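Reviewing the structure listed below.
Here the structure is a predicted model, which is why all the values come from computation and not from measurement. Excluded from the calculations below are hydrogen atoms, water molecules and symmetry mates; all remaining heavy atoms, backbone and side chain alike, are included.
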Amino acid sequence: MQGWGDFFAAQVGASAALAGLLFVAVSINLEKILKYPHLPTRAFEALAALLCTLIVSTFGLVPGQSDVAFGLEAAITGLIIWSIQTVALTRTRRSGYETGVRYFFNQAPPLPYLVGGILIALGHGKGAYWIVPGTLLCIVSGVYYAWILLVEIQR
């Protein structure tokens, strides 16, 4: 994982800042969000996606850690967040607000962490490149849900 420190440091900062903005979006529109039973779950999904990037990137910054340890940490984090997202999707599936975009932003973001983590743990150096789409998908997913909670709810 040599050479990835700057990438992980940037992602820790970006995901933490976006998670903070998500809390602002929720607090500004809390009354409106609570009127719709599916929106608190969406807020939780956005937070989970951003936390996935924050957690994996934090693990990537641990000095002296083996690739096997980091790979397992990334894979387990991806699996846990994917499980959380799946439960959230299942709980709101009947809300009538389900679209292909919703399924994509719910299910896809943590999966590259799972794949990349497994590959890294097995000694495949190129597995680290799976972390990049996981990071991008999680951030885009978090921003997408934050947009819904901040802007779309006003319509």
Do the side chains of [X] and [Y] join up, straight or via other hydrophobic residues, at under 4.5 Å, putting them in one cluster?
X	Y	answer
F104	I148	yes
L114	V140	no
F8	L51	yes

Which residues satisfy the side-chain contact (heavy atoms from CB on, under 4.5 Å) test with [X], sequence neighbours excluded?
X	result
V87	R91
S83	L79
L136	V132

Residue pair [X] / [Y]: nearest heavy atoms and the distance that separates them:
X	Y	value
I84	A48	CG2-CB, 4.4 Å
P110	C52	CB-SG, 4.2 Å
A49	C138	O-CB, 3.2 Å

Acceptor/donor pairs from residues 117-131 side chains to any protein atom, 3.5 angstrom cut, sequence neighbours excluded:
none

Would you compute the distance between atom [atom1] of [X] and atom [atom2] of [Y] and round it to the nearest 0.5 angstrom?
X	Y	atom1	atom2	result
L137	L111	CG	CG	9.0 Å
L50	I55	CG	CD1	11.0 Å
Y144	R42	OH	CZ	5.5 Å

> What pairs with F59 under ring-ring contact (aromatic ring centres under 6.0 Å, His included), at least two apart in sequence or on another chain?
Replying inline: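 ring-ring contact (aromatic ring centres under 6.0 Å, His included) check on F59 returns nothing, list empty.
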>> Looking at T41 and A88, would you say the former's side chain and the latter's main chain have a donor-acceptor pair under 3.5 Å?
In response: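 No; zero donor-acceptor contacts below 3.5 Å.
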>> Please enumerate all residues that pass side-chain hydrogen bond (donor to acceptor under 3.5 Å, both in side chains) together with E45, with sequence neighbours excluded.
In response: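 Only R102, N106, Y145 meet the side-chain hydrogen bond (donor to acceptor under 3.5 Å, both in side chains) criterion with E45.
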> side-chain hydrogen bond (donor to acceptor under 3.5 Å, both in side chains) with T86: which residues, sequence neighbours excluded?
Replying inline: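 Here the qualifying residues are Q107.
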> Does CZ belonging to F7 count more than 12 external heavy atoms closer than 6.0 Å?
Replying inline: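 Yes.
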Quick one: side chains of residues 14-35, donor-acceptor pairs under 3.5 Å with protein atoms, not counting sequence neighbours, listed by atom name and distance.
from, atom 1, to, atom 2, distance (Å)
S15, OG, Q11, O, 2.7
S15, OG, V12, O, 3.3
S15, OG, L54, N, 3.4
S27, OG, F23, O, 3.2
S27, OG, V24, O, 2.9
N29, OD1, Q154, NE2, 2.6
N29, ND2, L149, O, 2.9
N29, ND2, L150, O, 3.4
K32, NZ, Q154, OE1, 2.7

>> Going by salt bridge (charged side-chain N to carboxylate O under 4.0 Å, His left out), name the pairs with one or both residues in residues 128-139, residues two or more places apart or in two chains.
In response: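 Residue pairs passing salt bridge (charged side-chain N to carboxylate O under 4.0 Å, His left out), neighbours aside: none found.
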Taking distance alone, no hydrogens or angles, what donor-acceptor pairs closer than 3.5 Å link side-chain atoms of residues 70-78 to residues at least two apart or in another chain?
from, atom 1, to, atom 2, distance (Å)
E73, OE1, Q65, NE2, 3.3
T77, OG1, E73, O, 2.7

>> Give me each pair satisfying side-chain hydrogen bond (donor to acceptor under 3.5 Å, both in side chains) with a member in residues 49-59, each pair once, sequence neighbours excluded.
In response: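 Residue pairs with at least one partner in residues 49-59: T53-Y113.
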